[in-house]
> 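Handing you a structure now.
Keep in mind that what you see is a predicted model, and the values were worked out from it rather than measured.
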Amino acid sequence: MGFSFIGFESQQIKIGDRSIINVTLLESTSSLDEVVVVGFGTQKRANVTGAVSTVSGEDLARRPVVNTAAALQGTTPGLSIQNNGGAPGDESTSIRIRGVGTLNNSNPLILVDGVEQSLSTVEPNNIASITVLKDAASSAIYGSRAANGVILVTTKRGEDGAVKITYNNFVGWQNPNFFPEPTDPVTWMRLENEAQANVGANPTYSETYIENVAAGTNPLQYPFADYEGGIFNPNAFQQRHSVSLSSGGESGRVFASINYSDTDGILQNFNNKQVTMRINSDMYATDKLTIKTNLMYRNRGFSGPGFTGQRITQALLHINRNIVMEYPDGTYDLVSGQWNARAMAQEGETSNVSDDVFGQLGFAYTINEALSLEGNVTLNTESTDGFVFQNSLAGMRNYLTGDLVNVGGWFATSVLTESQMNQRELSQRLYLNYDQTFDKHSIQGTVGYEEIYNRYKQISASRDNFYSNDLRDINAGDIQNQTTSGYSQEWRLRSFFGRANYSFDDKYMFQANVRYDGSSRFGEGKRWGIFPSFSAGWRISEEDFLSGGDLFSDLRLRGSWGQLGNQSIGLYRYLNTYNLGTGYQFNNNLVPGTAITSAGNPDITWETTTMSNIGLDMGFMDDRIEVIAEYFYKYTDDILIELPIPRTIGYNPPVQNAAAVSNRGWELAVNYHGSPASDNGFEYSVGVNFSDVVNRIEDLKGTGPFFPDKFTVWTEGESINSLRGLKSPGIYKSQADLDKYPATIFPTVTIGDVIYEDLNGDGVISQSLYPAGDQYIMGNEDPRYEFGVRFSASYKGFDFSMFWQGVLRQQHSLDGALMEGPNYTNFIPVTMAREAYHPERNPNGTWPMVRSGNSANLMEADFWLQNTSYLRLKNFQLGYTIPQNLVDNLRVYISGENMLTFTETELFDPETPRGRSQFFPHSKLFSGGINVRF
């Protein structure tokens, strides 16, 4: 017998000999009636015609991370998030939606309750939902700020019913994740000796020294610094606690929460503490008028030593190991009078204390059954006090000899720098909504106004040569070398916007958006821009020829076109820039002067992105199987770039609207929900998302190539992230190789060195781009074929979930210590020790022979190009809901973040940005927690 009801799963039950049958219908898994947050409103998912993805706050809160941006990684096709690492509380994430759209700022617009904020500052437990607007149809209502996509974060609000109190926590332990493994001390010293021998120099380490280091019998006389042990903080502690209250009744609703996190860094003496308090309320003043308030206060306190984690890591990778990191009396060996990673991690003090306040007062007024009016005024302030004190180690004596140590560089004198940053943004919005249905016709519309005013101010002061390291007030320093600086800036945006939606019989849907923006970032006559979009949808599954079929429970075809803007180009670029510190000679005296150093361009205007999108949504088996496919093309022109001007003009060139970039790609998401089970039976779901984007510079007005850094090149027809370098077939291993490739970078190049091909055939290896030189475009850093796979299951109170994320094609150009090794007495990874070529010891080695002082093998070349494609277990979680009668719900769990990684490279975390690997190391986290609801 079959049982069914609208909104619930149908069930088939065998009657058999039973005369009484009890049936519990389970809620349907269909998401078509789900309400999706879009710009200045909501829509039923079934009526969405643009490219929109959503992530629930519940899914985010299940991952024990403090940084919301990291929790989003891999959850949505087309959303690319790279975790670049960073100190606790200052984690750096690169967020891109459908590729890199400009040569300037490619960050998406992130709005929290309608106001621009950073994802990393939003507590995951406070989030109700996140919506990613990926195409022009869904983003155009944000106009000039939406060219790189929009992420809408909606925080939780109160729910009708009795008071509900929720407590969530986790405690965890962090360790370095994928930091390069050093070779063992004996191999290290022998390879350094080999580097000296290969250039005819004396060995650095005697056999006696090596034997004593191996035995560890006299570490003060025969030291070998274990910098990893001296600066890393194993099992660094992390905790987060969150308490929230939700209630609602006839007079209104309220949601309140307080969140506390405390995170130690995996480098010693780094810590971040954060307290966030939030109250969101809806007060029903009348049957038609609701007063809405959102209040948030956040205090962030970062602490660390006097040096950044990046600088400490640089020291670990770049300084000698034949020193004592720290003597029993607390003094140090200092290389060149200044370098010692242990001293840098232990000495000095850094403190950054931030107070952020977000206040929003709004209303919603129902005029009649079709019309409603909404508006709000928001004040968003950020204030940070910075403090960095670097200790002086002058006067330190050698522990063994008692002689004064020649201290130079950073430790020669104490330095204090204090700074203050204040940012205040005042914004207001007012919009009128229309919603009416006539028979089979449904019409919705929104028209509105928004204005944003932002002011930023920063000042700093510095003094050195303090009488004591314990005196850390600015007035205790030497006034002779005092420096001060400060600046302020402001911008304003005024906008008018509208949206119209039409639906016929829930089959045919049409939407139009437009925004008219005026920005102070542009000069008179260029400040206003208009940004339209159009989209349409056809719900084919509702047609008569499909409605009675069993194959599709949903089949929709969507298409969109629109234009978006980018005003994130910096401030005052339309004006000449004057340098107030340009002195000149007058009567043989240097007097203060002012001069133009950068030319302005009053004709600059918006960077404009034109995007087309085609989408196909399919549902099978009552939507238990969901397939969403998208294809898009995004073209950005009028990109601002500094085109060359004659040097004789005497100042930097102005920016001009002169470049164009395209991104084309596709996205695919497949989700499967297993059959619902009653009585806590087995249930599971699986989701897979996949995406790819191809980036290309379309136009540079015939100029270029441009070289923004030592690795990349901007040239027409190639990706923004193109990597340039010399072409290499390997290393010279015989005279035949020398004869085959006679052109060398230096005359001293010989067997064991890297081969570079003479691409232009002029007999010289030169590091200019072909055909002028021998560099070519050897690859790019664009992540290709990004994917995420999630699985969740539950049975009898147990629940398990895991989430994998990865990239199938990605490249990274190696640089710095990891390839220099003993050539410059730097870090020696185990890979180098294993692979370094030697005609007798290792004739099959794939890395060049080590030679002290050799730089010929360190050129940018495809020889050092690394494959950084990877598969990573971003998260797993095992939980159990304990049966009891004391509270509504009690769940305990264990969880892991970044616990497994599969990748070809051994030298660095595959998510690390290219370069010298000088970054605050990535971490993996093992944690346990509890969820309680009263």
> Only one of Glu382, Glu425, Glu490 clears salt bridge (charged side-chain N to carboxylate O under 4.0 Å, His left out) with Arg455; which?
Glu490

> Are side-chain heavy atoms of Tyr284 and Glu250 found at a separation under 4.5 Å?
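Answer no - side chains too far apart.
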
> Are the ring centres of Tyr672 and Phe620 closer than 6.0 Å?
no

> Would you check, one step at a time, whether the test side chain to side chain donor-acceptor pair (under 3.5 Å) holds for Thr609 with Glu607?
CA-CA 7 Å; Thr609 294; Glu607 297 181 355; over 6 Å; no

> Kindly indicate whether the side chain of Ile95, heavy atoms from C-beta on, has any atom under 4.5 Å from the side chain of Ile110.
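In short, these two side chains touch, coming nearer than 4.5 Å.
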
> Would you say Asp135's side chain and Ser138's backbone share a donor-acceptor pair under 3.5 angstrom?
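Here the side-chain-to-backbone pair exists.
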
> Below 3.5 Å, can you tabulate the donor-acceptor pairs from side chains in residues 358-366 to any protein atom, sequence neighbours excluded?
residue: Gln360; atom: OE1; partner: Asn294; partner atom: ND2; Å: 2.9
residue: Gln360; atom: NE2; partner: Asp113; partner atom: O; Å: 3.2
residue: Gln360; atom: NE2; partner: Thr378; partner atom: OG1; Å: 2.9

> Can Arg429 and Val115 be said to form a side-chain contact (heavy atoms from CB on, under 4.5 Å), step by step?
CA-CA 10 Å; Arg429 296 155 199 86; Val115 178; 3.6 Å; yes

> What closest approach, in Å, do Ile151 and Pro108 show between heavy atoms, and which atom pair accounts for it?
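Nearest heavy atoms, Ile151 then Pro108: CD1-CG, 4.3 Å.
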
> Using atom types as modelled and distance alone, determine if a side-chain donor or acceptor of Lys134 lies under 3.5 Å from a backbone N or O of Gly78.
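Not confirmed, Lys134 side chain does not pair with Gly78 backbone.
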
> So do the side chains of Met283 and Ser251 get within less than 4.5 Å of each other, counting heavy atoms only?
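They are not in contact (no side-chain heavy atoms under 4.5 Å apart), so the answer is no.
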
> For the atom pair CZ (Arg539) and OG (Ser503), what is the distance rounded to the nearest 0.5 Å?
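Going from CZ on Arg539 over to OG on Ser503, the span is 9.5 Å.
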
> Run the salt bridge (Lys or Arg N to Asp or Glu O under 4.0 Å) test against Asp692 and tell me which residues pass, sequence neighbours left out.
Arg784

> Around atom CD of Glu58, are there more than 12 heavy atoms of other residues, nucleotides or ligands at under 6.0 Å?
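Not more than 12 within 6.0 Å, no.
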
> Evaluate side-chain contact (heavy atoms from CB on, under 4.5 Å) for Thr102 paired with Val661, printing each intermediate quantity in order.
CA-CA 6 Å; Thr102 176; Val661 171; over 6 Å; no

> Could you walk me through whether Val150 and Ser139 pass side-chain contact (heavy atoms from CB on, under 4.5 Å), step by step?
CA-CA 6 Å; Val150 182; Ser139 303; 4.0 Å; yes

> Quick check: do Asn433 and Gln444 have side-chain heavy atoms less than 4.5 Å from each other?
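No; the side chains remain at least 4.5 Å from each other.
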
> Once you measure the plane-to-plane angle for Phe496 and Tyr449, does it fall in the parallel (<30°), tilted (30-60°) or perpendicular (>60°) bin?
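Ring orientation, 0 to 90° scale: tilted.
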
> Dump the intermediate steps for side-chain contact (heavy atoms from CB on, under 4.5 Å) on Val670 and Phe690, then the final yes or no.
CA-CA 9 Å; Val670 181; Phe690 218 89; over 6 Å; no

> So, are Arg298 and Glu123 salt-bridged, with charged N and O less than 4.0 Å apart?
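Between Glu123 and Arg298 there is no salt bridge, as every charged N stays at least 4.0 Å from the carboxylate O atoms.
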
> Counting neighbours of CZ on Arg157 that are heavy atoms of other residues, nucleotides or ligands and sit closer than 6.0 Å, is the number greater than 12?
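Yes, the 6.0 Å shell around CZ holds more than 12 heavy atoms from other groups.
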
> Verify, without hydrogens or angle tests, whether Ser541 (side chain) and Leu555 (backbone) share a donor-acceptor contact under 3.5 angstrom.
yes

> For Asn368, does the CG atom sit with more than 12 other heavy atoms under 6.0 Å from it, leaving out its own atoms?
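Yes, because the 6.0 Å sphere around CG of Asn368 holds more than 12 heavy atoms from other groups.
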
> Are any side-chain N or O atoms of Ser553 and backbone N or O atoms of Gly619, one a donor and one an acceptor, separated by less than 3.5 Å?
yes

> Is the count of non-hydrogen atoms from other residues, nucleotides or ligands lying under 6.0 Å from Leu430 atom CG greater than 12?
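Buried by this count: over 12 neighbours within 6.0 Å.
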
> Which heavy atom of Leu432 sits nearest to which heavy atom of Ser372, and what is that distance?
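Where Leu432 meets Ser372 most closely, the heavy atoms are CD1-O, 3.3 Å.
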
> What is the distance from atom OG of Ser144 to atom OH of Tyr516, rounded to the nearest 0.5 Å?
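It is 12.0 Å, given to the nearest 0.5 Å.
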
> Should we count CD1 of Ile279 as having more than 12 external heavy atoms under 6.0 Å?
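Counting other residues, nucleotides and ligands, CD1 of Ile279 stays at 12 neighbours or fewer.
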
> Would a distance-only check, ignoring hydrogens and angles, find a side-chain to backbone donor-acceptor pair under 3.5 Å from Asn671 to Glu626?
no

> Between NZ of Lys507 and NZ of Lys440, what distance do you get to the nearest 0.5 Å?
6.5 Å

> Can a donor-acceptor pair be found between the side chains of Arg515 and Ser495 at a distance below 3.5 Å?
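There is such a pair between these side chains.
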
> For the backbone of Phe522 and the side chain of Arg527, can you confirm whether one donor and one acceptor N or O come within less than 3.5 Å of each other?
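Present.
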
> Do any N or O atoms from the side chain of Thr131 and from the backbone of Val37 form a donor-acceptor pair under 3.5 angstrom?
yes

> Output the distance between atom CE (Met509) and atom CG (Asn501), rounded to the nearest 0.5 Å.
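Met509 CE to Asn501 CG: 10.5 Å, rounded to 0.5 Å.
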
> Under 3.5 Å, is there a donor-acceptor pair linking the side chains of Glu698 and Ser662?
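Checked: Glu698/Ser662 side chains pair up, N/O donor to acceptor below 3.5 Å.
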
> Looking only at atom types and distance, does a side-chain atom of Ser246 sit under 3.5 Å from a main-chain N or O of Glu159, one as donor and one as acceptor?
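It does hold such a pair.
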
> Side chains of Lys526 and Trp606, heavy atoms from C-beta outward: is any pair under 4.5 Å?
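Not in contact.
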
> Can you name the closest pair of heavy atoms from Arg521 and Tyr574 and give their distance?
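Shortest heavy-atom separation between Arg521 and Tyr574 comes out as O-CD2, 3.3 Å.
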
> What closest approach, in Å, do Gly99 and Asn663 show between heavy atoms, and which atom pair accounts for it?
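Taking Gly99 first and Asn663 second, the nearest heavy atoms are CA-OD1, 3.7 Å.
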
> Does Ile130 reach the side chain of Thr75, with side-chain heavy atoms less than 4.5 Å apart?
no

> Hey, does Asn107 have a side-chain heavy atom less than 4.5 Å from the side chain of Asn148?
no

> State plainly whether the residues Arg96 and Glu786 are in salt-bridge range, i.e. N to O under 4.0 Å.
no

> Can you tell me if Lys156 uses its side chain to pair, donor with acceptor, with the backbone of Asn280 under 3.5 Å?
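Judged by distance alone, no pair lies under 3.5 Å.
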
> Do Arg45 and Thr54 come close enough that some side-chain heavy atom pair is under 4.5 Å?
yes

> Charged N to carboxylate O under 4.0 angstrom, Glu116 versus Arg145?
yes

> How many angstroms lie between atom OG1 of Thr49 and atom CD of Gln43, to the nearest 0.5 angstrom?
6.5 Å

> Could you tell me whether the side chain of Asp439 and the main chain of His441 form a donor-acceptor pair under 3.5 Å?
no

> Assess Arg499 against Phe40: is NZ or CZ under 6.0 Å from the centre of the six-membered ring, and within 45 degrees of the ring's axis?
no

> Mind listing the closest non-hydrogen atom pair of Asn513 and Ala140 along with its distance?
CB-CB, 4.2 Å

> Nearest 0.5 Å please: distance from the CG atom of Asn104 over to the OG1 atom of Thr636.
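It is 11.0 Å, given to the nearest 0.5 Å.
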
> Under a 4.0 Å N-O cut-off, is there an ion pair linking Glu630 with Arg558?
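Yes, charged N to carboxylate O under 4.0 Å.
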
> Restricting to non-hydrogen atoms, name the atom on Leu103 and the atom on Ala659 that form the minimum distance, rounded to 0.1 Å.
CD1-CB, 3.9 Å

> Mind telling me whether Tyr431 and Phe497 have parallel, tilted or perpendicular rings, with 30° and 60° as the class edges?
tilted

